[in-house]
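Okay, structure first, notes after.
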Amino acid sequence: MLLTITRNLEHALLQSIFEKYGVRYDSLSFTVPPRIELGELALPVAFDLARKVRQPPSRIAGELAADAGRLPGVGGVEVAGGGYLNFHLDREALAIALARSIAEGKFGLEAGEPAGKTIVEHTNINPNKAAHIGHLRNATLGDSFVRCLRFLGRQVEVQNYLDNTGVQVADVVVGLERMQNRTLAEVAAIGGKFDYFCWDVYAQVSDFYQRSEENKQWRSRTLQAVEAGGNPTAELAQHVAMRIVDAHLATMARINVSYDLLPRESEILHLHFWDTAFRLLKERGAVYYVDEGKNRGCWVMNTGEAQQEAVRAEVEDDEKIIVRSDGTVTYVGKDIAYQLWKFGLLGLDFHYRRYPLPPGHPGGPGHRLWITAMEGDGTPAPRFGHAERVYNVIDTRQAYLQSIVVQGLRALGYTAQAENSIHYSYEMVALTPACCEELGFPLSESDRKRPYVEVSGRKGLGVKADDLLDALEEKALGEVEARHTLPAEEARRIAHAIAVGALRYFLLRFSRNTVIAFDLKEALSFDGETGPYVQYAVVRAGNIFRKLEETGEKAPALAGDHPGLDDFLRENDEIWDLVYQAARLPEVVRQISQNLELGQLCKYAFSLAQKFNLFYHKYHILSETDPQKKRHLLLVTDLVRRQIEKALDLLGCEVPSKM
RNA sequence: GCGCCCAUAGCUCAGUUGGAUAGAGCAUCUGCCUUCUAAGCAGAGGGUCGCAGGUUCGAAUCCUGCUGGGCGUACCA
């Protein structure tokens, strides 16, 4: 629809420009006129041509306009603003095309995306403590991005990597074994929220390490035992990690986030993924052994410009340690192996087992969750990995490590895969000093003066995801009960949808490289630019149709005929704008697939909801006496509510039955 | 030291291949519930787009320098 129209226009104009002025452009970029009365698409190309052919822009624009208005879908062209080419679309044609497309469940989307699997890796929380708001930003970005790619027709596999043999799990194990002297059986008997319990244990371990040199040594000893496997410490570590994973999956299910596969670091080690990757890296000289200086005894990758022959002291600053002197592998090393596997370049595969879905999981009835394993369970598994493109949703502080993973691929000669390894980066969620004190975290004098304080699992400083969700649900329930008398179960369900809408919208509306300085009051708001505002617009629209049916009337069928629509849309710019904006959804999503800015989808949904609310206020549809006008108003309402609802779906938000 | 990022209304933020009069929300003030739900709508005030140069027909956006802040640069991830 819109895509076809702009592509046709572009094609015709490129040709026209070449014929008239002998100038060849690769592409033309359309912009949006400031007001809908000026048209839907604007092209400032005449300004650029003016310089090249030394003619006034208005004259060039006029000449181009002369033969650009005859294309299908275009209703007219005019020159404005001293040289802009403004295009007016055929209003009725677009409205009808959109209505039909929506009736087919396509929301205005046309033409499929090229095949080829995309892997999106997100969430990746260290399984040693409860999830906090920072993790929620990662998961909502990743999940909504996946929804957008799938909307565009891409085949997407979602992976949530479990670092079950890493330092952070080892730290909690040290806390349980060495500080609390607990055995596996005793830990297994701990009731209540285990992720909350470990949150506190983890926060205490730093102190324990600082108390003595011997305490500190337990970290390395425990990590080695965890990596080696087959000992009580490793068993305890796996109990902790998997129990926390279940807690994370449950938390994420609450906010409609799901996964296809849970790859575990333990299998990367024990199925010799790392050994294989290590051998490849050594063979290509991408890593080398250091026998002197500060990196003595380690295998390293040189990340700088300096050559190996240069002065040792200069080179070692550019070296990234891949294998430590005690023989254990760093996270980056394992990540290189994992990344190779994702592209199907390792020549090895995991075994897979079905993994139970968390309660209330958001996937449909056909949704399955798998986990990697040392041996399969007999159920035939899908073909995981073998991606054409990989997005790793990881915060921007890990940009350096991600660049090393890519450098590893490049060093092995996998240039295309290196280019298709995309670090989906975003800034952290931090707490304002005021928020910290409100939550009871004491701050130092210097921290109090900062613009924000980093969330830190190590210090136990942060807002737990489940706590925030509980607070949101409680507040939403209060609002629901103030408006409606409903069975408890329904009220709770509505409150939940509103809470998730508020939370996901709040986390997604910022651009990726904006640090979110978390403000509890703002996060708990349901007014203004929030998820519930957008949800409310759809609920209001739905009420119109509900009431209509109660009176026995029928809404106009989307795919039916709409006599008189042409004049109606021509005469009402505001209403036409609503239709046009509704038709833009696929373009917005396509843009996001390129720039990864989900905030643009939030903005889109919000502004469409805003325009709808204005329309809702201005036209009282059910009491409209002109039956034809009433049908048009209903059609527009239907188009808009369905597009907003789809946008909300892509944001991972549901529309409550009542608000 | 080096690398990356940020600075736009009182506050929180949009403004993404350079385009028409720089926009939202919150907060403040003034109105609007006998209507399809006021989680809403209308209106008002509020700007040296950090500073200084440069490129351009055109700069919040691109380049250079400066100021202030954040992050990274671990045998943590």
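Below, chain A is the first sequence line, B the second, and so on; all start at residue 1.
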Original post:
In what stems does RNA chain B take part, counting only runs of at least 3 consecutive Watson-Crick or G-U pairs whose two distances fall under 3.5 Å?
Top reply: B:1-7 with B:67-73, B:10-13 with B:23-26, B:28-32 with B:40-44, B:50-54 with B:62-66

Could you run down the sub-3.5 Å N/O contacts of the protein with nucleotides 1-8 of chain B?
none

Counting only pairs under 3.5 Å, give me each side-chain donor-acceptor contact of residues 497-509 of chain A, with atom names and distances, residues two or more places apart or in other chains.
{"unit_1": "Arg504(A)", "atom_1": "NE", "unit_2": "Leu651(A)", "atom_2": "O", "d": "2.7"}
{"unit_1": "Arg504(A)", "atom_1": "NH1", "unit_2": "Asp143(A)", "atom_2": "OD2", "d": "3.1"}
{"unit_1": "Arg504(A)", "atom_1": "NH1", "unit_2": "Ile255(A)", "atom_2": "O", "d": "2.7"}
{"unit_1": "Arg504(A)", "atom_1": "NH2", "unit_2": "Asp143(A)", "atom_2": "OD2", "d": "2.9"}
{"unit_1": "Arg504(A)", "atom_1": "NH2", "unit_2": "Ser144(A)", "atom_2": "OG", "d": "2.8"}
{"unit_1": "Arg504(A)", "atom_1": "NH2", "unit_2": "Leu651(A)", "atom_2": "O", "d": "3.2"}
{"unit_1": "Tyr505(A)", "atom_1": "OH", "unit_2": "Glu529(A)", "atom_2": "OE2", "d": "3.0"}
{"unit_1": "Tyr505(A)", "atom_1": "OH", "unit_2": "Cys602(A)", "atom_2": "O", "d": "3.0"}

**OP:** Between Asn126(A) and Leu28(A), just flag the one whose closest nucleotide in RNA chain B comes earlier from the 5' side.
**Re:**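 It is Leu28(A), whose closest nucleotide lies nearer the 5' terminus.
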
Please write out each protein N/O paired with an N/O of nucleotides 21-25 of chain B under 3.5 Å, distance rounded to 0.1 Å.
{"unit_1": "U21(B)", "atom_1": "O4", "unit_2": "Arg35(A)", "atom_2": "NH1", "d": "2.8"}
{"unit_1": "A24(B)", "atom_1": "O3'", "unit_2": "Gln610(A)", "atom_2": "NE2", "d": "3.4"}
{"unit_1": "G25(B)", "atom_1": "OP1", "unit_2": "Gln610(A)", "atom_2": "NE2", "d": "3.1"}
{"unit_1": "G25(B)", "atom_1": "O2'", "unit_2": "Glu529(A)", "atom_2": "N", "d": "3.4"}

Original post:
With a 6.0 Å cut-off on ring centres, are Phe208(A) and Trp218(A) close enough?
Top reply: no

Original post:
Just by distance, with hydrogens left out, do Arg221(A) and Gln217(A) show a side-chain donor and acceptor under 3.5 Å apart?
Top reply: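 There is such a pair (donor and acceptor under 3.5 Å, judged by atom type) between the side chains of Arg221(A) and Gln217(A).
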
Proximity to the side chain of [X] - top-ranked nucleotide from [options]:
{"X": "Phe526(A)", "options": "C13(B), A39(B), C41(B)", "answer": "A39(B)"}
{"X": "Pro451(A)", "options": "A14(B), C57(B), G70(B)", "answer": "G70(B)"}
{"X": "Gln398(A)", "options": "G72(B), A77(B), U56(B)", "answer": "A77(B)"}
{"X": "Phe510(A)", "options": "C13(B), A77(B), G70(B)", "answer": "C13(B)"}

Original post:
CG of Leu85(A) versus P of A20(B): gap in Å, rounded?
Top reply: 16 Å

Set out, line by line, the N/O atom pairs under 3.5 Å between protein and nucleotides 31-37 of chain B.
{"unit_1": "U35(B)", "atom_1": "O2'", "unit_2": "His620(A)", "atom_2": "NE2", "d": "3.4"}
{"unit_1": "C36(B)", "atom_1": "N3", "unit_2": "Ile621(A)", "atom_2": "N", "d": "3.3"}
{"unit_1": "C36(B)", "atom_1": "N4", "unit_2": "Tyr616(A)", "atom_2": "O", "d": "2.2"}
{"unit_1": "C36(B)", "atom_1": "N4", "unit_2": "Tyr619(A)", "atom_2": "O", "d": "2.5"}
{"unit_1": "U37(B)", "atom_1": "OP1", "unit_2": "Asn543(A)", "atom_2": "ND2", "d": "3.2"}
{"unit_1": "U37(B)", "atom_1": "O2'", "unit_2": "Tyr536(A)", "atom_2": "OH", "d": "2.2"}
{"unit_1": "U37(B)", "atom_1": "N3", "unit_2": "Met659(A)", "atom_2": "O", "d": "2.2"}
{"unit_1": "U37(B)", "atom_1": "O4", "unit_2": "Met659(A)", "atom_2": "N", "d": "2.6"}
{"unit_1": "U37(B)", "atom_1": "O4", "unit_2": "Met659(A)", "atom_2": "O", "d": "2.2"}

Original post:
Is the glycosidic angle of C11(B) within 90° of 0, making it syn, or outside that range, making it anti?
Top reply: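 C11(B): anti.
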
Original post:
Of the residues in residues 471-481 of chain A, which ones touch RNA chain B at a heavy-atom distance under 4.0 Å?
Top reply: Glu479(A), Val480(A)

**OP:** State, to 0.1 Å, how close Pro127(A) and His248(A) come at their nearest heavy-atom pair, and which atoms those are.
**Re:**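 It is CA-CE1, 4.0 Å.
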
**OP:** Under 4.0 Å between any heavy atoms, over every strand shown, what does Asn128(A) touch: base, sugar-phosphate, or nothing? Just pick one.
**Re:** nothing

**OP:** Establish, yes or no, whether the cationic atom of Lys475(A) lies under 6.0 Å from the six-membered ring centre of Phe526(A) and within 45° of the ring axis.
**Re:**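 The answer is yes; both the distance and angle limits are met.
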
